[in-house]
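Take a look at the structure set out below.
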There are 2 protein chains.
Amino acid sequence: MDLTHAAFNEHDCGNCPIRHRAVCARCDAAELRDLEQIKYYRSFEAGQTVIWSGDQMEFVASVVTGIATLTQTMEDGRRQMVGLLLPSDFVGRPGRDRAPYDVSATTDLVMCCFRRKPFEEMMIRTPHISQRLLQMTLDELDAAREWMLLLGRKTAREKIASLVAIIGRRDASLHIRGHKGPLTFDLPLTREAMADYLGLTLETVSRQISALKRDGVIELQGKRHVTVPSLDRLLEEAGDDTDGGFLN
Amino acid sequence: MDLTHAAFNEHDCGNCPIRHRAVCARCDAAELRDLEQIKYYRSFEAGQTVIWSGDQMEFVASVVTGIATLTQTMEDGRRQMVGLLLPSDFVGRPGRDRAPYDVSATTDLVMCCFRRKPFEEMMIRTPHISQRLLQMTLDELDAAREWMLLLGRKTAREKIASLVAIIGRRDASLHIRGHKGPLTFDLPLTREAMADYLGLTLETVSRQISALKRDGVIELQGKRHVTVPSLDRLLEEAGDDTDGGFLN
DNA sequence: TTGCCGCCTTGATGCAGATCAAATGGGATT
DNA sequence: AATCCCATTTGATCTGCATCAAGGCGGCAA
């Protein structure tokens, strides 16, 4: 069910709030006009699948609002999330026409899609698009490598603390810059999605969240809303040495 | 101990056997001459550290011969390998001047280094270098995501089978193309390095290798040399649905 | 030849997290 | 208000891998 909104198709990229972070960050007015020609918007409801692994990729895209995930699945059903895409993140790979992962909408999602072939042609004549995409891809690779450390070597408790810290800090960076004091934000993932992110079962996720709550590392209002009284304490629990490590 | 070889500094990139896979794959004669100006070779012995995490990066580089690893370490000493670099692979990140990981030589290693600033300037005026690097980085990201599935969801036995398959197929692709029948090759990693790669302990690595041997999935000549009688059988043990998934 | 040193293998035991199972609770529908 | 649905929590038990602890083996130096 592709809920393409007519309204979005009149949307002007030049005014888009996430444009300065997206793949077209450095495009000038003429280039944005070219992009208008090949772009269209698509909306998805929370839980819908955007692309199945193995599908033909007709487009590449930027996330405009909402959260998408990349997931790999083994034959017997074991699942591992391998990407968490936030507004301004890029989806798809120029030069490849089959999707290597399932892409799903975790929340309601709007994507700005560019028809793949014309986009690839535009990349060739517009080098700074490749350069911007290279930057973004290198950032994703760094995030993937942090994630590998988490998956390979952290305990369940550390994994949960890391995830809360990642989401909390991203949230903080999007909102009040330099804001101090307790962080408060929503976890945009179900327990099951967190488990797929962390390489755990949903029961273990639930138990460890309860444990961190019991120990005063986090507070919960309902199941999704979190307050972190001390970010330092949380980072200590996460086992992070670096304090970089934003995701994606 | 930087064993820079004078002989290598007269090496001509245009004749380099790995050039067609490296970052300079599409460079023309004039561009190669420019690269000659900013390049130098460095050699390392097996076990040496090339760069420590946090060090200033004076250069970016291509691996010419040998194998290098990227490793992250937590304060308490837990280690996770996050990259395995083979001949033609690229090291370093344009636009960043601190190394985010330890880089080490797993075997004797020769790298072709480019001074970072001039290389970055050259990237700006030579778009196809960015484009090539983008391709290579996207490939690495795909490899990292396969690796995440391995770390998060595979059993110890599957992890070992996956690693043997990855190394064996890379080896096969470098040597006799389209070669059929039993694969035979060396594992270029110690048991400990395999453990760091797979998120296991070295004891578990050793036990699982013994188990695969006992079950006839692999044969061993000494500790390092492996024969795989049936690649299909090995892939089955690895739990791979895809048969893509080369590393790096 | 002998002994030493690193790497590797194998054994015994413990525990973190998976699995199986049931209960709870909040939001939506009627 | 009553009911259903489904995400989540909690409990009981099991197991795969880590941990702790001895050997074994091959290469190298004396």
Side-chain angles (χ1 to χ4, degrees), chain A residues 45-47 69 74 76-80 104 106-108 150-164 186-215 218-226 237-239, chain B residues 45-48 74 76-80 104 106-107 150-164 186-215 218-226 237 239:
Chain A
E45 290 178 347
T69 59
M74 295 172 69
D76 60 5
R78 280 176 283 174
R79 288 158 49 86
Q80 176 64 52
S104 317
T106 284
T107 62
D108 289 350
L150 177 150
L151 289 171
R153 295 302 188 191
K154 289 190 178 179
T155 65
R157 184 180 174 97
E158 288 169 336
K159 286 177 173 182
I160 297 289
S162 299
L163 179 56
V164 173
D186 279 333
L187 297 173
L189 301 174
T190 63
R191 300 291 185 261
E192 188 179 20
M194 291 186 224
D196 287 342
Y197 186 110
L198 300 170
L200 296 171
T201 59
L202 68 90
E203 294 95 330
T204 298
V205 169
S206 180
R207 272 186 253 272
Q208 294 299 333
I209 288 178
S210 299
L212 289 176
K213 184 169 120 188
R214 173 172 39 71
D215 298 343
I218 60 175
E219 289 156 24
L220 282 180
Q221 292 82 43
K223 287 154 200 251
R224 295 295 193 89
H225 196 79
V226 182
E237 293 285 353
Chain B
E45 290 178 346
Q48 286 187 310
M74 295 172 68
D76 61 5
R78 280 176 283 175
R79 286 158 50 84
Q80 177 63 52
S104 319
T106 285
T107 62
L150 177 150
L151 289 172
R153 295 302 188 190
K154 290 191 177 178
T155 64
R157 185 181 175 96
E158 289 169 335
K159 285 177 173 182
I160 296 289
S162 299
L163 178 58
V164 173
D186 280 334
L187 297 173
L189 301 174
T190 64
R191 299 291 185 261
E192 189 180 18
M194 292 186 223
D196 287 343
Y197 185 110
L198 299 171
L200 297 171
T201 59
L202 67 89
E203 293 95 329
T204 297
V205 169
S206 181
R207 273 187 251 272
Q208 294 298 335
I209 289 178
S210 299
L212 289 176
K213 184 168 120 189
R214 173 170 45 67
D215 298 343
I218 60 175
E219 289 155 24
L220 282 180
Q221 291 82 45
K223 288 154 201 249
R224 295 294 194 90
H225 195 79
V226 181
E237 292 286 353

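What you see is a predicted model; the values in this text were computed from it and never measured. Below, read A as the first sequence line, B as the second, and so on, with proteins coming before strands; counting in each chain starts at 1.
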inquiry  = Under 4.0 Å, counting only non-hydrogen atoms across every strand here, what does Gly199(A) touch: a base, just sugar-phosphate, or nothing?
reply    =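 Gly199(A): backbone/sugar contact only, no base atoms under 4.0 Å.
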
task = Scan Leu202(B) against the nucleic acid and name what it touches under 4.0 Å (heavy atoms): base, sugar-phosphate only, or nothing.
result =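 Base, at least one base atom sits under 4.0 Å.
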
For the side chain of [X], counting heavy atoms from C-beta on, which of [options] is nearest?
X: Arg191(B); options: dT10(D), dG26(C), dT9(C); answer: dT9(C)
X: Thr204(B); options: dT9(D), dA18(D), dT9(C); answer: dA18(D)
X: Leu200(B); options: dT19(C), dA18(D), dG17(C); answer: dA18(D)
X: Arg224(A); options: dT8(D), dA18(D), dA18(C); answer: dT8(D)

inquiry  = Can you measure Lys159(A) atom NZ to dA18(C) atom C1' for me and round it to whole angstrom units?
reply    =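 Roughly 12 Å, once rounded to whole Å.
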
message = Without decimals, in angstroms, what is the distance between Leu198(B) CG and dG16(D) P?
response =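 One finds 18 Å between P of dG16(D) and CG of Leu198(B), rounded.
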
query = Under 3.5 Å, side chain of Arg153(B) to main-chain N/O of Leu200(A), donor-acceptor pair present?
reply =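 Confirmed, Arg153(B) side chain pairs with Leu200(A) backbone.
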
key: Asp196(B) backbone acceptor or donor facing Gln80(B) side chain under 3.5 Å   =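 Present.
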
request  = Measure the NE2-CG distance between His225(B) and Leu187(B) for me, rounded to the nearest 0.5 Å.
outcome  =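 Answer rounded to 0.5 Å: 9.5 Å.
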
Base dC20(C) to side chain Glu203(A), donor-acceptor N/O within 3.5 Å cut-off =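 For Glu203(A), whose side chain was compared with the base of dC20(C), there is a donor-acceptor pair (under 3.5 Å).
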
request  = Kindly indicate whether the side chain of Arg207(B) and the base of dG11(C) share any N or O donor-acceptor pair separated by less than 3.5 Å?
outcome  =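 By the distance-only test, yes, there is a pair.
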
Whichever of Leu220(A) and Arg153(A) has its nearest DNA chain D nucleotide further upstream toward 5' =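 Closer to the 5' end of DNA chain D: Leu220(A).
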
ask   = Should Val226(A) and Asp186(A) be marked as a side chain to side chain contact (heavy atoms under 4.5 Å, CB included) after you check the CA-CA gap, both sets of side-chain angles, and the distance that decides it?
value = CA-CA 6 Å; Val226(A) 182; Asp186(A) 279 333; over 6 Å; no

task = Considering just the side-chain nitrogens and oxygens of Thr190(A), establish if one lies under 4.0 Å of OP1 or OP2 belonging to dA7(D).
result =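 Looking at the OP1 and OP2 atoms of dA7(D), neither is under 4.0 Å from any side-chain N or O of Thr190(A).
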
query = Within the structure, does a side-chain N or O atom of Thr155(B) lie under 4.0 Å from either OP1 or OP2 of dG16(D)?
reply =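 No.
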
